[in-house]
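Each remark here refers to the structure printed beneath this line.
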Protein chains: 2
Amino acid sequence: MRLAVYSRFLEQLQEQGHGTVSSCMIARGTGVTPAQVRKDLAYFGEFGTRGVGYDVEALSGHLKRILGLDRKWPTVLVGAGKLGSALALYEGFLTRGFHIVGVFDIDPDPVGNRFGQLDVLPMERLEEVIQRYGAQIGIITVPANAAQEVGERLVDAGVRAILNFSPYVLNLPEGIIVRHVDFTLHLETLTFNLVYKKEEFKTF
Amino acid sequence: MRLAVYSRFLEQLQEQGHGTVSSCMIARGTGVTPAQVRKDLAYFGEFGTRGVGYDVEALSGHLKRILGLDRKWPTVLVGAGKLGSALALYEGFLTRGFHIVGVFDIDPDPVGNRFGQLDVLPMERLEEVIQRYGAQIGIITVPANAAQEVGERLVDAGVRAILNFSPYVLNLPEGIIVRHVDFTLHLETLTFNLVYKKEEFKTF
DNA sequence: CTCTGTGAACATCTTCACAGCT
DNA sequence: AGCTGTGAAGATGTTCACAGAG
């Protein structure tokens with residue numbers, strides 16, 4: 001996760017024309033400690049030069065290769081509701097190499113709608129599209145009760161990594177990489193911290 | 001975070017009419033180990049009975065109180081774009097006690113649009129609404145370049161916890177609780193794992 | 001016999017502090 | 001002097017394994 005944050009920060013620096021950067025600067029810009037930054041980067045090789053710092057462009061390139069962002073990732077999105085459409089139209093994905101090659105929905109209502117350059121396709125065509133584009137990444141934005149079935153179909157069709165926005169904990173085979181993004185869960189960590197802030201637990 | 005996951009799982013069990021539940025069941029349903037579940041719960045008190053398990057209803061209540069979900073949380077949302085509107089209309093927030101009391105946008109275009117029962121309000125009224133409802137939670141769904149300013153205004157007006165969906169690392173005073181939800185960052189951890197899966201690092 | 005609660009062992013993550021390069 | 005890379009120390013998080021309650 002931190003590598004991805006560094007990567008984005010480096011891109012910012014590149015745009016601003018910085019030539020080199022120190023671990024302290026990266027630390028301040030990303031909210032971690034300088035030692036942490038150095039440890040993280042050193043784990044993958046010696047990218048810096050002592051006494052000077054890191055070359056912004058070189059380091060940015062290294063990070064992108066490490067994160068797998070030096071290639072295009074065909075991605076499918078299932079669930080064309082409000083959230084699905086927001087994600088399908090989000091330019092941030094494209095600029096980082098994530099190409100949405102298909103948006104799917106069971107509900108025939110949004111099918112046929114155009115999201116940017118994409119049609120919403122019926123679920124029947126899911127497997128076909130995944131295989132045609134070799135999509136390894138799937139994004140799930142369907143309601144909780146449909147999430148497990150969608151996850152299984154994605155995996156069976158060849159998807160190996162899933163970003164799950166539904167409020168349901170997916171149960172998928174070992175080896176499939178799943179990240180669960182659940183908004184209410186995040187809000188609940190906020191309220192937890194608000195409640196325990198002034199009380200006995202100073203840890204939080 | 002895990003507490004929030006347990007809490008939701010417990011609610012599912014309650015709906016299905018289960019009377020008691022063991023740490024093993026919770027573990028299977030939430031993707032953690034049984035020992036972890038017990039440690040987590042025991043940290044806040046002795047909620048179970050040995051040889052039997054946990055009373056579903058009692059434990060669910062305890063978790064909600066621990067997470068601060070036994071009260072209503074007035075919440076403001078800034079940024080009425082695609083994502084903002086998806087979140088404003090998300091019923092999942094309401095059922096867990098998060099009441100969105102105001103949706104705001106600089107762009108006069110969506111101002112006046114109705115999101116469910118809510119009007120989109122101009123930014124000028126931000127402070128007024130926060131203070132009127134005593135909102136302590138803010139959700140940011142504005143572009144990166146506006147995020148920092150919005151964050152500062154929220155904090156100045158009394159907000160103490162922020163859920164940030166913009167691709168920008170907020171820099172706010174100590175004591176303000178910030179959770180950063182960045183979709184591309186999550187996707188990048190997926191690609192990182194995809195790339196390093198078959199290679200030298202067996203850790204991932 | 002089942003299942004919780006928990007100290008002790010283990011593993012992982014983070015910070016410190018300094019050697020070594022520029 | 002300035003800054004990286006890194007072993008050692010410290011902190012935190014997780015699992016084990018078993019005592020004890022029902």
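Below, read A as the first sequence line, B as the second, and so on, with proteins coming before strands; counting in each chain starts at 1. Model, not experiment: these values are computed from the prediction. Atoms considered below: every heavy atom in the structure, side chains included; atoms not considered: hydrogens, waters and symmetry mates.
A straight line from CZ of B:Phe47 to P of C:dT4 spans 14 Å, rounded to a whole angstrom. Taking atom CG of A:Leu59 as the reference point, atom P of D:dC3 lies 16 Å away to the nearest angstrom. Nucleotide D:dC3 holds its P atom 16 Å from the CG atom of A:Leu41, rounded to whole Å. Across the protein-nucleic acid pair, A:Glu46 atom CD and C:dT22 atom P stand 11 Å apart, rounded to whole Å. Following rounding to the nearest Å, B:Phe44 (CZ) and C:dT4 (C1') show an atom-to-atom distance of 17 Å. Atoms CG (A:Asp55) and C1' (D:dC3) sit 15 Å apart, rounded to a whole Å. Rounded to whole Å, the distance from CG on A:Asp40 to P on C:dT15 is 10 Å. In this entry the distance linking CD1 of B:Ile26 with P of C:dT2 reads 19 Å, nearest Å.
By the 30° and 60° cut-offs, the orientation of the rings of B:Tyr90 relative to A:Phe183 is perpendicular.
If you look at B:Phe9 and B:Tyr6, their ring centroids are not closer than 6.0 Å.
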When every nucleotide of nucleotides 15-22 of chain D is labelled 5' to 3' by its protein contacts under 4.0 Å (heavy atoms), B for base, S for sugar-phosphate only, - for none, what sequence of letters results? BBB--BBS

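OP1 and OP2 of D:dT12 both lie 4.0 Å or more from every side-chain N or O belonging to B:Tyr43.
In summary, B:Asp70 and B:Lys64 do not engage in a salt bridge, as defined by a charged side-chain N under 4.0 Å from a carboxylate O.
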Candidate pair B:Glu11 and B:Arg96, rule salt bridge (charged side-chain N to carboxylate O under 4.0 Å, His left out), full reasoning: CA-CA 11 Å; B:Glu11 274 198 342; B:Arg96 304 286 281 181; 2.8 Å; yes

